[in-house]
Amino acid sequence: MRTTVALDDEVHETLRRKAFEERRSFTDVLNETLARGLQSETRPRVLGAFTGRIHVADDFDDDLPEIVEALDEPVTP
């Protein structure tokens with residue numbers, strides 16, 4: 001498939017130089033580079049897990065049922 005894209009000058013020069021050094025076409029090097037980049041994007045990302053506990057201070061003014069109700073309410077920005 002043919003398409004037109006605008007590449008940064010540095011990206012174009014890097015791909016052009018690699019194609020020249022490997023004696024391959026610019027299109028082959030570009031397609032290989034894009035395919036490798038897309039493969040790394042499809043890997044699931046592991047963000048980690050947070051553990052901890054919520055501590056309500058003894059001097060909190062609200063009763064416990066009011067606190068629980070507030071925690072169940074959806075937060076809107």
Side-chain angles (χ1 to χ4, degrees):
M1 171 186 248
R2 288 183 66 109
T3 190
T4 302
V5 295
L7 298 174
D8 290 337
D9 290 339
E10 291 180 28
V11 172
H12 177 263
E13 183 60 28
T14 301
L15 292 170
R16 190 192 64 75
R17 186 175 294 123
K18 182 174 179 157
F20 177 79
E21 290 171 356
E22 296 178 3
R23 298 177 189 252
R24 298 169 55 202
S25 72
F26 180 85
T27 301
D28 287 344
V29 173
L30 177 61
N31 283 327
E32 178 185 280
T33 303
L34 288 172
R36 268 193 267 138
L38 291 172
Q39 285 175 355
S40 68
E41 288 286 323
T42 58
R43 292 183 198 147
R45 293 177 49 192
V46 178
L47 300 177
F50 293 98
T51 58
R53 61 173 96 164
I54 297 174
H55 175 71
V56 179
D58 292 337
D59 62 346
F60 200 83
D61 292 336
D62 293 336
D63 293 329
L64 184 58
E66 292 174 9
I67 296 170
V68 173
E69 182 180 323
L71 290 174
D72 291 336
E73 293 177 14
V75 177
T76 56

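Keep in mind that what you see is a predicted model, and the values were worked out from it rather than measured.
Here the side chains of Phe26 and His12 are in contact, with some heavy-atom distance below 4.5 Å.
In the hydrophobic cluster analysis, where Ile, Leu, Val, Met, Phe, Trp and Tyr join through side-chain heavy atoms closer than 4.5 angstrom, Leu15 is grouped apart from Phe20. No path of Ile, Leu, Val, Met, Phe, Trp and Tyr side chains, each step under 4.5 Å between heavy atoms, connects Leu38 with Val5, placing them in separate hydrophobic clusters.
A salt bridge links Arg16 with Glu13; the closest basic N to acidic carboxylate O contact falls under 4.0 Å.
Taken to the nearest 0.5 Å, the CG atom of Asp28 stands 10.0 Å off from the CD atom of Glu22. We find the CE-OG1 distance between Met1 and Thr3 to be 7.0 Å, quoted to the nearest 0.5 Å. From Glu32, atom CD reaches atom CZ of Arg24 across 4.5 Å, with rounding to the nearest 0.5 Å. Here the OG1-CZ distance, from Thr27 to Arg2, works out to 8.5 Å after rounding to the nearest 0.5 Å.
Nearest heavy atom pair, residue Leu7 against residue Val11, reads CD2-CG1, 4.5 Å.
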